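Everything quoted here is computed from the prediction, not taken from an experiment. No hydrogens, no waters, no symmetry mates; every other heavy atom, side chains included, goes into these values.
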Amino acid sequence: MNKLFFVLVASVAATGGLWLSKQLNQDAAPPETNATVFQTSRPMPSLELLDQTGAGFTQEGFLNRWTLVFFGFTHCPDVCPTTLFLLTQVKKTLVDLDSPEQPHITMVSVDPTRDTPEQLANYLPHFGENITGLTGDISKIQALTQELGVAYSYTPDNNGGYTVDHTASIFLVSPAAELKAVFTTPHDAQSIATDYRIILKHYAP
């Protein structure tokens, strides 16, 4: 990847970060949750990505189930595997809920050059079953991250490769394919599970 690409992505990331900050200020967290819960309808933006089987995935893929979404990459040394493990713990805490209310986990790659569907298919089962991984054209990823306010940037390393710095927030998407809440860092599995139950009870569509 060339230097211009790194600069362009950093610019997109900065714009996204400002957008997210604005939204979080507009929709203050209800006093009984640590999450930012959006009171108004916020449909998920249009997207055209691929899942780990190579099948196409659009915003309609979020319909009819609750989904916890985060952005990461398979070469991530710490934050991404930690987040995946945390989200599987959240799911285990919520196993008493009816099946339609139990959240699905989806990871969107911010490193689509290396994260092919095959790479995601090999990586995600290490953290549990039925986790969806999404990848695709870099322009499609950028469009989605900018709409959601997810900041990310590429940093060259000393081995001729690169790493990716990215927003670690977790997004909750409702069965109506609408952004319902954002869990910002630091994350705690029990806290997220507790807030999730509150959202289902008081703020579900």
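Residues Ile198 and Val90 are members of one and the same hydrophobic cluster, defined by side-chain heavy-atom contacts under 4.5 angstrom among Ile, Leu, Val, Met, Phe, Trp and Tyr. Cluster annotation: Val79 is not connected to Val108 through the hydrophobic network of ILVMFWY side chains, with a link wherever side-chain heavy atoms come within less than 4.5 Å. Both Phe70 and Trp66 are assigned to one and the same hydrophobic cluster, defined by single-linkage of ILVMFWY side chains at heavy-atom distances under 4.5 Å.
Counting only heavy atoms from C-beta outward, the side chains of Pro103 and Lys91 approach each other to under 4.5 Å. With a 4.5 Å cut-off on side-chain heavy atoms, Val164 and His75 do not count as touching. Between Arg42 and Thr40, the closest side-chain pair of non-hydrogen atoms falls below 4.5 Å. Residues Leu148 and Pro45 have side chains in contact (heavy-atom distance under 4.5 Å, counting atoms from C-beta outward). A heavy-atom distance below 4.5 Å is found between the side chains of Leu47 and Phe62.
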**Residues Leu144, Leu134; criterion side chain to side chain contact (heavy atoms under 4.5 Å, CB included); working and verdict** = CA-CA 12 Å; Leu144 177 60; Leu134 298 178; over 6 Å; no
**Request:** Determine, stepwise, if the pair Gln190 / Thr93 fulfils side chain to side chain contact (heavy atoms under 4.5 Å, CB included).
**Result:** CA-CA 8 Å; Gln190 186 59 57; Thr93 305; 4.1 Å; yes
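Leu63 CG to Glu178 CD: the interatomic distance, rounded to the nearest 0.5 Å, is 9.5 Å. Arg197 CZ to Ile192 CD1: the interatomic distance, rounded to the nearest 0.5 Å, is 13.5 Å. One distance of note links CG of Asp165 with OG1 of Thr155; it measures 4.5 Å at 0.5 Å rounding. The CZ atom of Phe183 sits 13.0 Å away from atom OG1 of Thr83, with the distance rounded to the nearest 0.5 Å. The line from CG of Asp195 to OG1 of Thr36 is 10.0 Å long, rounded to the nearest 0.5 Å. Taking OH of Tyr196 as the start and NZ of Lys180 as the end, the distance is 12.5 Å to the nearest 0.5 Å.
Considering all non-hydrogen atoms of both residues, Gly136 and Leu49 come closest at CA-CD2, 4.3 Å. Nearest approach of Val110 to Ile141, heavy atoms of both residues: CA-CG2, 4.3 Å. Residues His104 and Asn130 come closest through the heavy atom pair CE1-O, 2.6 Å. Summarising the geometry of Phe73 relative to Asp111, their closest heavy-atom pair is CB-CB, 3.5 Å, with the distance given to 0.1 Å. Nearest approach of Ile131 to Leu124, heavy atoms of both residues: O-CD1, 3.8 Å. Across all their heavy atoms, Cys80 and Gly72 have their closest contact at SG-CA, 3.5 Å.
For Asp137 (side chain) and Ser139 (main-chain N/O), a donor-acceptor pair under 3.5 Å exists by modelled atom type. Proximity of a side-chain donor or acceptor of Gln52 to a complementary backbone N or O of Gly133 within less than 3.5 Å is detected. Looking at Asp157, its side chain does come within 3.5 Å of a backbone N or O of Asn159 through a donor-acceptor pair. With Gln39 contributing its side chain and Val37 its backbone, the two residues share a donor-acceptor pair below 3.5 Å. Looking only at distances, no side-chain donor or acceptor of His187 sits under 3.5 Å from a matching main-chain atom of Thr82. With hydrogens and angles ignored, the 3.5 Å screen pairs a side-chain donor or acceptor of Thr135 with a backbone N or O of Asp115. Remark: side-chain polar atoms of Thr33 are paired, donor with acceptor, to backbone N or O of Ala35 under 3.5 angstrom.
None of Leu179, Leu68, Thr67, Thr106 except one satisfies the side chain to side chain contact (heavy atoms under 4.5 Å, CB included) rule with Phe171; the exception is Leu179.
Using modelled atom types and a 3.5 Å distance limit, the side chains of Thr132 and Asp51 yield no donor-acceptor pair.
The local environment of CD in Gln102 is crowded, with over 12 non-hydrogen atoms from other residues, nucleotides or ligands closer than 6.0 Å.
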